Amino acid sequence: MGIVNLTPDSFSDGGRYADIEHAIAHAHRLLGDGADILDLGAESTRPGAAPVSLEDELGRLMPVLAGLRDFPMPISIDTYKPEVMEEAIRLGAAMINDINALRAPRAIDIVAGSDAGVCLMHMQGTPQTMQQDPRYGDVVAEVKQFLADRVAALEDAGIARERIVVDPGFGFGKTKAHNLALLRGLGELGALGLPVLAGLSRKSVLAKLTQCEDRKSAPQPEYEDRVPASIAAALLAVFKGARIVRVHDVKATCDALAVYSAVMAEPPLAV
Ligand code: HH2
């Protein structure tokens with residue numbers, strides 16, 4: 001899953017028209033790079049990020065979605081707002097990727113009334129507060145239980161299991177230790193019997209892991225410096241059973257996964 005961010009900080013130069021063109025060009029680049037799903041998002045959910053109004057989110061997202069109408073790849077929309085889900089589905093979005101796991105009023109009904117797929121992500125708190133003091137007894141068990149409860153709620157509303165993907169929500173109300181425990185325990189989430197999506201790409205947990213002792217006083221690595229660690233994390237997530245990895249660096253990740261698959265796949269019978 002390749003990420004296209006329509007947040008102003010991602011596309012700081014140029015006006016609105018340039019943003020739309022830039023986003024559509026980026027989507028085509030990710031397609032060429034080997035992505036299988038595109039994830040379009042118009043609100044940053046990084047810790048402390050300011051919420052975006054409904055009007056702004058629709059204004060950023062819909063022209064790009066309309067411009068990708070005949071795009072030969074399923075498009076997922078990263079939103080927790082029911083109004084955005086409704087409009088995106090109307091414009092042909094194949095999947096709703098909700099960091100809030102369809103907990104907003106009406107969100108379940110909107111998805112239930114469509115044939116879109118849905119990614120349910122775990123988050124403790126909200127993006128504004130989630131990194132203040134996240135706590136769990138057993139993070140893997142609690143995340144798994146949350147996801148199981150949300151899957152049950154969706155099934156009760158008539159959404160078939162075949163349409164659901166689950167995601168532990170790396171970095172969403174989790175310390176470094178919580179994130180590592182979830183990556184180690186990703187197989188536990190696989191026991192829910194649904195495809196697992198993992199999103200670790202360029203996240204700050206990777207920067208924390210790569211700052212070794214003698215670099216402690218150095219500034220946080222730029223996001224680009226997180227690419228090698230992101231690829232390692234994507235491979236580890238796949239090794240632990242993830243079926244979808246949400247990444248910024250599609251080409252590099254696909255190359256790494258090609259090597260991984262060549263080594264890890266069952267050899268053909270007649271070699
Ligand atoms: N992470 C972000 C946004 N959406 N969706 C899923 N399913 N899983 C994730 O881990 C996930 C997500 C982080 O978002 P943001 O801070 O906006 O940055 P970016 O979209 O560049 O990753």
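Order of listing sets the numbers, starting from 1, for every ligand and every atom in it. Small disclaimer: the values here were computed from a predicted structure and weren't measured.
- Remark: ligand 1 atoms within the under-4.0 Å shell around heavy atoms of D78 are 3 (C), 4 (N), 12 (C).
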What side-chain donor-acceptor pairs closer than 3.5 Å can you find for residues 232-243, not counting sequence neighbours?
unit_1, atom_1, unit_2, atom_2, d
K240, NZ, R184, O, 3.2

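- Between the K144 side chain and the A191 main chain, no donor and acceptor come within less than 3.5 Å of each other.
- At least one side-chain heavy atom of L154 sits under 4.5 Å from a side-chain heavy atom of I108.
- Atom 16 (O) of ligand 1 has R46 CG, 2.8 Å as its closest protein atom, hydrogens excluded (heavy atom only).
- Annotation: atom 5 (N) of ligand 1 to nearest protein heavy atom, N97 ND2, 3.1 Å.
- Each of the atoms 10 (O) of ligand 1 lies under 4.0 Å from some heavy atom of G199.
- The closest protein non-hydrogen atom to atom 6 (C) of ligand 1 is D167 OD2, 3.0 Å.
- Both the backbone and the side chain of T45 come within 4.0 Å of ligand 1, judged by heavy-atom distances.
- A search for salt bridge (charged side-chain N to carboxylate O under 4.0 Å, His left out) contacts involving R150 returns nothing, not counting sequence neighbours.
- Taking the six-membered ring for Trp and the full ring otherwise, the centers of F71 and H28 sit less than 6.0 Å from each other.
- In terms of hydrophobic clustering, with Ile, Leu, Val, Met, Phe, Trp and Tyr side chains grouped at heavy-atom distances under 4.5 Å, L206 and L186 are assigned to a common cluster.
- Considering only non-hydrogen protein atoms, atom 20 (O) of ligand 1 sits nearest to R246 NH2, 2.8 Å.
- Contact annotation: for L197 versus ligand 1, heavy atoms closer than 4.0 Å belong to the side chain alone.
- The shell of residues lying under 4.0 angstrom from ligand 1, judged by heavy atoms, includes C119.
- Atoms CG and CE, on N97 and M121 in that order, are 8.0 Å from each other to the nearest 0.5 Å.
- Nearest protein heavy-atom contact of atom 10 (O) of ligand 1 is K203 NZ, 2.7 Å.
- The shortest N or O to N or O distance between S201 and ligand 1 is not under 3.5 Å.
- Heavy atoms of H248 approach ligand 1 to within less than 4.0 angstrom.
- Here is the list of ligand 1 atoms found below 4.0 Å of a heavy atom in N5: 19 (P), 20 (O), 21 (O).
- Annotation: side chain of L200 is in contact with side chain of L183 (closest heavy-atom distance under 4.5 Å).
- Contacts of R202 with ligand 1, taken as heavy-atom pairs under 4.0 Å, are absent altogether.
- No side-chain heavy atom of H178 sits less than 4.5 Å from a side-chain heavy atom of F172.
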